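Structure first, then comments.
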Amino acid sequence: MSVLSWSTVRWLVVLVLASGVAHAQPAGTPPNQPPQSDAPASDAPAEPTPATVLFQDGRALVEAGKFEEACAKFTASIQLDPDAEGTLLNLGLCNEKLGKTATALGWYRKAQFRSAEAGMTDYEQAAKQQTIVLAAKVPTLRIEAPHGAKVLLDGSEISDVERARVELDPGTHVIEVAGERFEITVREGDNKAIDVRPPPPKRFVILDRGSKQRRNAYLLAGGGGALWIASATLSLIGKSKYDATDHPEQYQRWQNITRFGGTSLFLAGTAAIAGGVYLYVKAPKAERIEQVAPIVGPDQLGVAVAGSF
C-alpha cells in the first residue's frame, strides 16, 4: 500500500472538516467558538438550515462520485450562504473533478480569500494548495479586439482589461464581436491568442513591367504608319510628274521612283507596324499588387509589395 504524502492527508482532512463544519455555524463565526444567542440553553439539537441540508446532500453525491449533481447542490447551498468556506472548497473540488479547470480555480480562490478573512488557516492552506496546482495548467486566452468593442465569450461580456488574459475551462468556446462569430478549442496548459479585429483595408499598387515594351511598340507602329504615308505621297507625286511630262527619260525616271521607292517605303512601313503589334501583344500585362508596405532606411526609400512575379 502506498503511503500518502502529508499534503494529501491534510487536504483530505480539511475536506472532511469542510463537510461537517462549513454549515454547522453561521458565516463569520470562528470554527471553535459556538454562536452567541440570548435564548436559554437547550439540549435539543439545532434544526439544520436549508443551506446545510443542501451541503450535506452535495457531500453524499461527492462520495458517490456524482460530481455534476454535487455541484448543483453546492451551488444552491452557496446561494443561501455565500460565505460558507466548506461549500466554496467543495465547489472547487466537484468542478475540478468535472474537468472545469478555470471554474474550479475561481471557487478555490474565493475559498482562500474567505478563509483568510475568517482566520481559518487549514481551509486557507487547502484552497491555496489547489489554487497553485490549477493555476499552472488552466488554459488561458488573449483576445485581440478593437478598443471599446463589445466582446462576448460564451455569452458573457469581456471587458478591455480582461481580454489580456482570460482563463477558460478546457473545451470549445464561442467568441462574438461586431456580428462575427469565432470558435476556439483549448486544452489544459494551452496559452492561446485570437485576433478578432477586422482586417486592415487593402492597399494596392499597379506594377507594369511591360510599359517600356509597349511604348517601343507604339513608336515602331507609328514609324510604320509614317512610312505608309510617305509611300502614298511619293506615289502621288511620281504619278503626277510622269503624267505631266512628254519626255521619255523623265517619264521613266518618275516611274522608277514611284515603283521602287514607294513600294520599298510601303514594305518597310508594313514590317514596322507588324513589329509594333508583336511587341505590344507580347508585353507583360500590368498587375495589381496587394499589401504595400513602406521601406525607410538609412540608404533606401521605397515600398515593398507582395504578389506574383
Side-chain angles (χ1 to χ4, degrees), residues 141-149 151 160 163-164 175-184 191-245 247 249-309:
L141 176 66
R142 185 178 77 255
I143 303 175
E144 299 287 352
H147 181 73
V151 177
D160 289 345
R163 295 172 201 167
I175 301 170
E176 297 174 88
V177 55
E180 295 289 332
R181 188 175 185 271
F182 307 86
E183 287 191 359
I184 188 168
N191 184 8
K192 292 188 174 182
I194 184 170
D195 194 339
V196 296
R197 294 172 295 185
K202 291 184 178 179
R203 300 177 62 188
F204 303 94
V205 64
I206 302 300
L207 181 63
D208 190 357
R209 290 176 285 118
S211 60
K212 184 177 180 179
Q213 186 170 329
R214 281 193 297 273
R215 182 172 64 251
N216 293 335
Y218 295 144
L219 293 173
L220 189 58
L227 290 174
W228 272 4
I229 294 173
S231 173
T233 303
L234 183 60
S235 297
L236 291 174
I237 294 173
K239 186 177 184 304
S240 174
K241 292 293 185 179
Y242 69 68
D243 285 346
T245 185
H247 199 284
E249 291 183 1
Q250 290 294 325
Y251 179 86
Q252 186 64 41
R253 176 173 175 267
W254 282 107
Q255 189 179 41
N256 291 337
I257 290 173
T258 303
R259 179 182 301 169
F260 298 110
T263 302
S264 297
L265 291 173
F266 178 80
L267 292 175
T270 301
I273 291 174
V277 171
Y278 177 82
L279 289 177
Y280 183 86
V281 171
K282 291 298 183 179
K285 300 295 187 294
E287 296 179 79
R288 190 172 74 162
I289 307 300
E290 300 178 5
Q291 300 179 354
V292 182
I295 299 177
V296 180
D299 57 352
Q300 58 182 339
L301 177 63
V303 294
V305 295
S308 58
F309 295 91

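In this text, all values refer to a predicted model and were calculated from it rather than measured experimentally. Each residue takes its place number in the sequence, starting with 1.
Separating the NZ atom in Lys285 from the CZ atom in Arg214 is a distance of 7.5 Å, to the nearest 0.5 Å. Here the CZ atom belonging to Phe182 is positioned 10.0 Å from the CD atom belonging to Glu176, to the nearest 0.5 angstrom. We find the CD-CD1 distance between Glu183 and Ile194 to be 10.0 Å, quoted to the nearest 0.5 Å.
Of all the heavy atoms in Ile273 and Ala221, the pair that sits closest is CG1-O, 3.6 Å. Nearest heavy-atom pair across Pro146 and Arg163 is O-NH1, 3.3 Å.
Side-chain atoms of Arg142 do not come within 3.5 Å of backbone N or O of Asp195 as any donor-acceptor pair.
Counting non-hydrogen atoms of neighbouring residues, nucleotides and ligands closer than 6.0 angstrom, the OH atom of Tyr278 reaches no more than 12 such neighbours.
In this structure, Trp228 and Phe266 have parallel ring planes: the angle between them is below the 30° cut-off, well short of the 60° mark.
Within the 4.5 Å cutoff, no side-chain heavy atoms of Val177 are placed close to those of Ile143.
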